[in-house]
Visitor: 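Below you'll find the structure I mean.
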Amino acid sequence: MTKKFEIEKLVQLARLSLSDDEKAQLEGDLLSILGYIDKLETLDTSNIEPTSQALSVHNVFREDELTEKVSGEECLQLAPAHYKDHYEAPKII
Amino acid sequence: MARNRTGSESLNVSSARSQRFLFSNIIMHRLTIEQAVEGLQARKFSSAELTQAIYDRIDKIEGSVSAYIHLTREMAQQQAQDADRLIAQGEKKPLLGVPIALKDLICAQGTRTTCGSKILNDFVSPYDATVVRRLKDAGAVLIGKTNMDEFGMGSSTENSWHGTSKNPWNLERTPGGSSGGSAVAVSANECIAALGSDTGGSIRQPASFCGITGLKPTYGRVSRFGLIAYASSLDQIGPMTKTVADSAIMLNVICGKDPKDSTSAEVAVPDFSQALRQDVKGMRVGLPSEYFTSGLDPEVEESIRKSAKTLESLGMEIVDVSLPHLEYAVACYYIVACAEASANLSRYDGVKYGYRSERSETLMDMYSNTREEGFGKEVKRRILLGTFVLSSGYYDAYYLKGQKVRTLIKNDFENAFKQCDVIASPTAPAPAFKFNEKTGDPLQMYLSDIYTISANLAGVPGMSIPCGQSSTGLPIGLQLMAKHFDEETLLRVGHQYQQNTDHHLKFPSL
């Protein structure tokens with residue numbers, strides 16, 4: 001099949017960073033999987049509505065009330081790094 | 001069995017002591033939920049003893065099968081003591097004192113929940129999943145967290161960061177996946193029952209490979225709150241048990257509307273154990289011709305056809321049905337599931353919880369290095385595929401197309417259920433495969449789920465029950481599927497089948 005993607009761009013979009021070997025291997029895998037997926041093109045779906053959820057979707061509302069909570073302190077303890085009551089991360093720029 | 005166990009002496013069950021010694025002839029770890037509850041209520045043994053018997057079993061064989069990622073001994077012992085106290089007070093609850101295992105993507109407060117991934121290896125859940133809360137309310141004893149393919153992505157547990165589980169029927173074979181650890185734990189009697197989750201067959205296929213009963217309920221039947229997400233429109237938690245009757249008990253406990261999961265369904269909840277008592281005379285079972293074509297192992301086909309005969313002998317009528325879009329299900333699934341996965345897994349960024357790469361100067365580097373080091377190859381493969389099908393310029397050709405094909409697959413089931421009450425098929429095209437047999441070719445691995453994937457896309461309930469063995473002694477699974485929210489029919493047909501066959505009574509010689 002014709003190559004429809006730049007592996008470099010996908011890796012960047014997905015916030016991954018692959019080694020050259022891994023990139024080459026996954027590129028090959030994706031090509032083969034997309035080749036298989038192309039069989040869907042043989043189906044005429046022009047008058048078919050898409051399904052995003054198998055059962056009917058409807059809005060579910062409730063009062064925005066606190067019923068139970070996990071404390072901020074508990075949440076921060078889960079973080080790889082925190083400073084006082086903030087998450088800590090490397091510089092952005 | 002006769003050795004003295006910590007905890008048993010402090011129980012107020014002295015009147016039952018002589019009975020307990022009699023009961024020591026019974027191998028406790030082999031009990032079903034029904035038998036365990038009966039024995040506990042009759043004070044034939046205590047929950048502390050039963051829990052210890054399970055841990056003894058685990059200590060003996062876990063080195064061979066690797067069903068668990070970690071055990072929760074202290075919590076379990078406390079829960080068993082609490083259960084014994086309640087039993088002594090005359091309390092009755094559906095799972096009171098019964099040791100249950102959890103797939104390691106279900107959050108239980110204060111326990112590690114790794115999802116089979118390096119990226120969550122040290123994650124300790126600060127809250128209970130709704131199913132865990134319901135299990136605790138029903139009196140269950142939580143034994144440990146079972147092994148799985150990373151984030152549920154796989155069909156063999158070979159994608160677990162913690163190493164693979166082994167099939168107790170043949171240690172050179174995979175147990176299936178992704179809920180392979182739960183299937184092994186039930187099959188090898190390392191728990192009384194377990195919970196798994198199923199996105200494309202992850203309860204049913206390992207249940208089939210390991211010779212147990214596995215039920216994927218209707219989408220929305222069971223709350224997903226506290227289930228680590230893979231593909232949110234397909235994921236569903238369900239029971240993995242030794243019998244259909246046990247699955248009914250478990251489903252009674254875990255199902256129902258949950259305000260914390262807006263997709264959990266507001267539908268009537270019947271008593272599933274009641275459904276077991278009804279006979280199946282006059283019901284129609286549909287055999288979909290597309291499931292019996294090339295690619296199906298002849299021994300599996302023979303077993304399924306024989307099972308259909310058994311159902312016929314119970315008074316069911318066999319009808320031919322068609323699910324014509326079966327051959328497109330795998331392609332459709334990998335578009336939909338990977339798209340949802342790429343969005344769901346974007347939360348693993350090394351900031352709020354989980355693993356963080358140490359070798360990063362900037363935030364952007366930290367994101368990509370963390371994900372590079374924290375995710376395994378299959379997860380990366382699916383994130384990349386999902387990223388592609390959602391990317392600008394390809395959305396219509398792939399993601400939208402996939403969603404439309406999903407409609408066709410859903411319509412297939414609606415049409416088929418006009419002609420029958422339940423659909424019977426093989427759960428998997430072949431019995432358990434060997435390690436490394438399919439790891440080199442992702443597509444071949446994906447195709448091992450061909451018979452189970454459609455039920456997730458259509459949202460219908462599906463169940464696998466043991467229905468025979470291959471000439472090499474590997475279990476074969478019969479899949480039953482029913483209309484939305486008609487688990488009663490699945491359980492009724494499955495139970496009647498088990499009342500008249502003995503496949504579910506066999507266990508591996510470990």
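So you know, we letter chains A, B, ... as the sequences are listed, proteins then strands, and number each from 1.
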Visitor: Could you tabulate the donor-acceptor pairs under 3.5 Å formed by side-chain atoms of residues 331-346 of chain B, not counting sequence neighbours?
Guide:
residue, atom, partner, partner atom, Å
B/Y333, OH, B/Y230, OH, 3.2
B/E340, OE1, B/S232, N, 2.8
B/E340, OE1, B/S233, N, 2.7
B/E340, OE1, B/S233, OG, 3.4
B/E340, OE2, B/S233, OG, 2.6
B/S342, OG, B/A339, O, 2.9
B/N344, OD1, B/R347, NH2, 3.0
B/N344, ND2, B/Y230, O, 3.0
B/N344, ND2, B/S232, OG, 3.0
B/S346, OG, B/A343, O, 2.7

Visitor: Do B/Q403 and A/S52 come within less than 4.5 Å of each other through their side chains, counting heavy atoms only?
Guide: yes
Visitor: For A/K9, I'd like to know if atom NZ has over 12 heavy atoms of other residues, nucleotides or ligands within 6.0 Å.
Guide: no
Visitor: How close do A/L30 and B/R381 get, heavy atom to heavy atom, and via which atoms?
Guide: CD2-O, 3.9 Å
Visitor: Is B/F485 close to chain A through its backbone or its side chain, or both, or neither, when contacts mean heavy atoms under 4.5 Å?
Guide: side chain
Visitor: Could you tell me if the side chain of A/T51 sits less than 4.5 Å from the side chain of B/K404, heavy atoms only?
Guide: no
Visitor: Rounded at 0.5 Å granularity, tell me how far OG in B/S391 sits from CD in A/E6.
Guide: 11.5 Å
Visitor: Check step by step if side chain to side chain contact (heavy atoms under 4.5 Å, CB included) holds for A/D29 and B/L443.
Guide: CA-CA 8 Å; A/D29 290 346; B/L443 204 50; over 6 Å; no
Visitor: Can you say whether A/L16 sits under 4.5 Å from chain B via the side chain, the backbone, both, or neither, judging by heavy atoms?
Guide: both
Visitor: With a 4.5 Å heavy-atom cut-off, do A/L26 and B/K377 have their side chains touching?
Guide: yes
Visitor: Taking NZ, NE, NH1 and NH2 as the nitrogens, is one of them in A/E22 or B/K380 under 4.0 Å from a carboxylate oxygen of the other?
Guide: yes
Visitor: Can you say whether A/S19 sits under 4.5 Å from chain B via the side chain, the backbone, both, or neither, judging by heavy atoms?
Guide: backbone
Visitor: Quick one: what part of B/T370 sits under 4.5 Å from any heavy atom of chain A, side chain, backbone, both or neither?
Guide: neither
Visitor: Name the region of A/Q25, side chain, backbone, both or neither, that has any atom closer than 4.5 Å to a heavy atom of chain B.
Guide: side chain
Visitor: Does the side chain of A/L40 reach to within under 4.5 Å of the side chain of B/Y398, using non-hydrogen atoms?
Guide: no
Visitor: With a 4.5 angstrom heavy-atom cut-off, which part of B/K352 approaches chain A: side chain, backbone, both or neither?
Guide: both
Visitor: For B/F413, which residues count as a ring-ring contact (aromatic ring centres under 6.0 Å, His included) partner, sequence neighbours excluded?
Guide: none
Visitor: Non-hydrogen atoms of chain A under 4.5 Å away: do they reach the side chain of B/L447, the backbone, both or neither?
Guide: side chain
Visitor: How long is the gap from CZ on B/R371 to OG on A/S17, to the nearest 0.5 Å?
Guide: 11.0 Å
Visitor: Identify which part of B/P126 has an atom lying under 4.5 Å from any heavy atom of chain A, answering side chain, backbone, both or neither.
Guide: both
Visitor: Counting only non-hydrogen atoms closer than 4.5 Å, does B/Y219 touch chain A with its backbone (N, CA, C, O), its side chain (CB onward), both, or neither?
Guide: both
Visitor: Taking every non-hydrogen pair under 4.5 Å, which of B/H325, B/H484, B/K401 racks up the most with chain A?
Guide: B/K401
Visitor: B/L385 versus chain A, heavy atoms under 4.5 Å apart: side chain, backbone, both or neither?
Guide: both
Visitor: Please identify, among B/T407, B/N369, B/L408, the residue contributing the most non-hydrogen atom pairs under 4.5 Å to chain A.
Guide: B/T407
Visitor: Counting only heavy atoms closer than 4.5 Å, note whether A/E49 contacts chain B via side chain, backbone, both or neither.
Guide: backbone
Visitor: Looking at A/Q12, I want to see if its CD is surrounded by more than 12 non-hydrogen atoms of other residues, nucleotides or ligands under 6.0 Å.
Guide: no
Visitor: Using non-hydrogen atoms and a 4.5 Å limit, figure out which bit of B/L457 sits close to chain A: side chain, backbone, both or neither.
Guide: backbone
Visitor: How many angstroms lie between atom OH of B/Y394 and atom CG of A/L34, to the nearest 0.5 angstrom?
Guide: 10.0 Å
Visitor: List the atom pairs, with distances to 0.1 Å, where a side-chain N or O of residues 78-92 of chain A and a protein N or O form a donor-acceptor pair under 3.5 Å, not counting sequence neighbours.
Guide:
residue, atom, partner, partner atom, Å
A/H82, ND1, A/L76, O, 3.4

Visitor: When you look at B/E327 and A/K39, which way does the side chain to side chain contact (heavy atoms under 4.5 Å, CB included) test go after all the steps?
Guide: CA-CA 9 Å; B/E327 68 164 300; A/K39 67 161 39 187; 3.4 Å; yes
Visitor: Within this structure, what is the CZ-CD distance for the pair A/R15 and B/E372, rounded to the nearest 0.5 Å?
Guide: 15.0 Å
Visitor: Carefully, step by step, assess A/I7 and B/L384 under the rule side chain to side chain contact (heavy atoms under 4.5 Å, CB included).
Guide: CA-CA 9 Å; A/I7 188 76; B/L384 287 171; 4.2 Å; yes
Visitor: Does the side chain of B/T263 reach to within under 4.5 Å of the side chain of A/V60, using non-hydrogen atoms?
Guide: no
Visitor: Check each atom of A/L55 against the heavy atoms of chain B and say whether the ones under 4.5 Å are side chain, backbone, both or neither.
Guide: side chain
Visitor: Please output the residues of residues 361-368 of chain B in contact with chain A, using a heavy-atom cutoff of under 4.5 Å, in numerical order.
Guide: B/E361, B/T362, B/L363, B/M364, B/M366, B/Y367, B/S368
Visitor: At a heavy-atom distance under 4.5 Å, which candidate from A/I37, A/L43, A/L13 has the highest pair count against chain B?
Guide: A/L43
Visitor: With rounding to the nearest 0.5 angstrom, report the CG to CD1 distance, B/D441 to A/I33.
Guide: 9.0 Å
Visitor: Let's test your reading of the structure: which of B/D122, B/V330, B/I383 forms the most heavy-atom pairs below 4.5 Å with chain A?
Guide: B/V330
Visitor: What's the verdict on side chain to side chain contact (heavy atoms under 4.5 Å, CB included) for B/Y328 and A/T42, showing C-alpha distance, side-chain angles and the deciding distance?
Guide: CA-CA 10 Å; B/Y328 303 100; A/T42 59; 3.6 Å; yes
